[in-house]
Number of protein chains: 2
Amino acid sequence: MIMTQKLTILDIAKLAGVGKSTVSRVLTNDPKVKPATREKVEQVIRESGYVPSKSAQAMRGGSAKVVGIILSRLDSPSENKAVSGILDVIYKAGYDAVIMESQFSAEKTNEHLAVLQKRNVDGVIVFGFSGCDLSRIELLGHKAVVIATDTDTISSVDYDHQGLIALAMDKLVSCGKQSISYIGVDESDRTTGLLRLNAYLESCRKLGIEPCYRTGQLSYDSAYHITDQVLSEGTEAIVCASDTLAMGVAKRLQELDRTDIQVSGVGATDLLSFLFPNTFSIDPGYFEAGKASAQLLIKQLSGQQEITHLIQQASY
Amino acid sequence: MIMTQKLTILDIAKLAGVGKSTVSRVLTNDPKVKPATREKVEQVIRESGYVPSKSAQAMRGGSAKVVGIILSRLDSPSENKAVSGILDVIYKAGYDAVIMESQFSAEKTNEHLAVLQKRNVDGVIVFGFSGCDLSRIELLGHKAVVIATDTDTISSVDYDHQGLIALAMDKLVSCGKQSISYIGVDESDRTTGLLRLNAYLESCRKLGIEPCYRTGQLSYDSAYHITDQVLSEGTEAIVCASDTLAMGVAKRLQELDRTDIQVSGVGATDLLSFLFPNTFSIDPGYFEAGKASAQLLIKQLSGQQEITHLIQQASY
DNA sequence: CTGTTAGCGCTTTCAA
DNA sequence: TTGAAAGCGCTAACAG
């Protein structure tokens, strides 16, 4: 057996001495096939190494059993964990995934969407980003789910930005911390920036804490450089909008010999607490969010589910 | 325009007042179409929002313009960078990618291979791992390329494990270091383990350095715990088989107040040198390796290229 | 239970 | 230059 032959269903039919449709029935697990016949056909299929053409099946049945995934960058830890979750679920449901990178470009996203449509994909899962254009996705109706985006027209799975930060704040307070600062990213980033900052402010209000914060870029370096600005004699903890920021903050604190200050991040990077003991990270549940979005999509595709909005629970 | 209509080539033909085949000719960029006719058809296509069905095209033409990618884990930084490179190249060539995770299981890999074959993918790129079963991939002949695997039967792009370590050693020596230890992973891992250790030993021989090494698991923790065992009064540098290990080593050195010792890793993680100044990382060229593998595959698919083995150059 | 017969949407001869 | 017609490989009625 050297070459992947180009056998068709007809070849198998002849080889097995039956009709095309009987072979098709075996392929589709149609119960009305005599066990003996089925056995024979299956044997021929096995021996010949025949592989039914998905393209033909897709064309005939209408469904290609493919879902498209558009993420911003494959090397984003949050996104690739979520994609793992998606893969996990859709694969078990017999779907495969076509993956594309938007690189944070609304234009690319739309291009990809067009390609996916050509491919007759059954559904699409899109990871949102600041400046993402949802209009084209809306046209997909129940065939689309977006992750990490705030919308009410498309099914979505979003992270609990509010809860994420609240969780960190509560934990810190329950450890006796009173003076808690915050390092975040600019409000131009709606989710990681604005939402998480607001969550901090809201928590402060509720807990009776005097807010002290600064925002910058989403990088170690940025966080490192603005750390001093939220520091005072009495600072007991610093909540960060992400693990990346937390890393920069922790390093700066180490330099300043202020490792008494507890630092929290978001992302569940085990590296953070390995390197800096007085540190913890909130897990937004990337993998779970991926799974949830895939489950949602699949249900929608089978018509069992209306447009829905899910919030992924965070945890330590 | 609310719904994605199910327009066919025939609808467009009618709308444009021409025959099916003329529309098809426009779609395939057949030069023998009168410009006026073409213009008209294109307009109708544009206005109607018609999208040709890839499934049908694939079935007719034989090629689905899809390449399958099997990687071990999406959250492996090395692999997802390489995949980005692959995506980059194949997308420009008009291919799309269906991605699957093997999770280091030879069994899953074969399952995925079978699925991809059903899908009529034009080619496959597989990321190897210890214990990977190449036999099934070999059957694919020129339709397959493997990354990070040592084989002579399948086209491959491999990292220059030897060069990686040699590069680090040379740099260290040129900085005046003489006493250079090594932290790696167990030899059960052929590439990151065995190959890189051998490279270290080989470099030591060439450079007249007394080897001093230890291997363990591929984790911060493991490296952290074995660091002391390669340390002596005069140790001037520690070469690590990966950035993950380097991170553990650097942390331990920091604790021991031995930051005079320079540490090198492999992976080009910018976090490493951000956190630990006396540190550098070799870049194995993941992204470039991905691009190279995709280019190789595409050339093979078009018959312009025989089975080939590429070594990805490393750099600082 | 099983074979025959239509197509699915598209590309590609083959004539016109 | 264009239209008509013949399939690509498969599934789904429709008869036996």
Taking only residues at least two apart or on different chains, which pairs with a member in residues 71-98 of chain A satisfy ring pair (Phe, Tyr, Trp, His ring centres under 6.0 Å)?
A:Tyr91-B:His112

Which residue pairs pass the salt bridge (charged side-chain N to carboxylate O under 4.0 Å, His left out) test with at least one member in residues 64-74 of chain A, sequence neighbours excluded?
A:Arg73-A:Asp75

Any side chain to side chain donor-acceptor pair (under 3.5 Å) pairs touching residues 144-158 of chain A, not counting sequence neighbours?
A:Glu138-A:Thr153, A:Asp150-A:Arg190, A:Thr151-A:Thr153, A:Ser155-A:Gln300, A:Ser156-A:His309

Ignoring hydrogens and geometry beyond distance, is a side-chain donor-acceptor pair present between A:Gln304 and A:Ser302 at under 3.5 Å?
yes

In whole angstrom, give the distance that lies between atom CG of B:Asp30 and atom P of C:dT13.
11 Å

Rounded interatomic separation in angstrom, taking NZ from B:Lys118 and C1' from D:dC10:
14 Å

May I have all residue pairs that pass ring pair (Phe, Tyr, Trp, His ring centres under 6.0 Å) and include part of residues 141-160 of chain A, sequence neighbours excluded?
A:Tyr159-A:Tyr286

Pairwise ring pair (Phe, Tyr, Trp, His ring centres under 6.0 Å) hits with a residue in residues 29-59 of chain A, at least two apart
none

Under the side-chain hydrogen bond (donor to acceptor under 3.5 Å, both in side chains) test, residues paired with A:Ser63 that sit two or more places apart:
A:Asp122

Please list residues of residues 37-45 of chain A whose heavy atoms come under 4.0 Å from any atom in DNA chain C, ordered by number; otherwise none.
A:Thr37

Can you list everything that forms a side-chain hydrogen bond (donor to acceptor under 3.5 Å, both in side chains) with A:Ser135? Sequence neighbours excluded, please.
A:Asp133

If the helix axis at each end comes from five base pairs, how far does the helix from C:dC1-D:dG16 to C:dA16-D:dT1 deviate from straight, to 10°?
40°

In a table with atom names and distances, give each donor-acceptor pair under 3.5 Å that connects a side chain of residues 30-42 of chain B to protein atoms at least two apart or in another chain.
{"unit_1": "B:Asp30", "atom_1": "OD1", "unit_2": "B:Lys32", "atom_2": "N", "d": "2.9"}
{"unit_1": "B:Arg38", "atom_1": "NH2", "unit_2": "B:Asp30", "atom_2": "O", "d": "2.7"}
{"unit_1": "B:Lys40", "atom_1": "NZ", "unit_2": "B:Ala16", "atom_2": "O", "d": "3.4"}

Got a list of protein N/O to nucleotides 7-11 of chain C N/O distances below 3.5 Å?
{"unit_1": "C:dG7", "atom_1": "N2", "unit_2": "A:Arg60", "atom_2": "NE", "d": "2.1"}
{"unit_1": "C:dC10", "atom_1": "OP1", "unit_2": "B:Tyr50", "atom_2": "OH", "d": "2.4"}
{"unit_1": "C:dC10", "atom_1": "OP1", "unit_2": "B:Ser53", "atom_2": "N", "d": "3.1"}
{"unit_1": "C:dC10", "atom_1": "OP2", "unit_2": "B:Ile9", "atom_2": "N", "d": "2.4"}
{"unit_1": "C:dC10", "atom_1": "OP2", "unit_2": "B:Tyr50", "atom_2": "OH", "d": "3.3"}
{"unit_1": "C:dC10", "atom_1": "N4", "unit_2": "B:Lys20", "atom_2": "NZ", "d": "2.5"}
{"unit_1": "C:dT11", "atom_1": "OP1", "unit_2": "B:Gln57", "atom_2": "NE2", "d": "3.0"}
{"unit_1": "C:dT11", "atom_1": "OP2", "unit_2": "B:Ser24", "atom_2": "OG", "d": "2.9"}
{"unit_1": "C:dT11", "atom_1": "O2", "unit_2": "B:Arg60", "atom_2": "NE", "d": "3.2"}
{"unit_1": "C:dT11", "atom_1": "O2", "unit_2": "B:Arg60", "atom_2": "NH2", "d": "3.1"}

Not counting sequence neighbours, list each pair that qualifies as a salt bridge (charged side-chain N to carboxylate O under 4.0 Å, His left out) and has a residue in residues 89-112 of chain A.
A:Asp88-A:Lys92, A:Asp96-B:Arg119

Atom-to-atom span, CG of A:Asn29 to P of D:dT11 - whole angstrom
11 Å

Need one value for A:Lys32: base, sugar-phosphate or nothing, where a base atom within 4.0 Å counts as base even if backbone is also close, heavy atoms only.
base

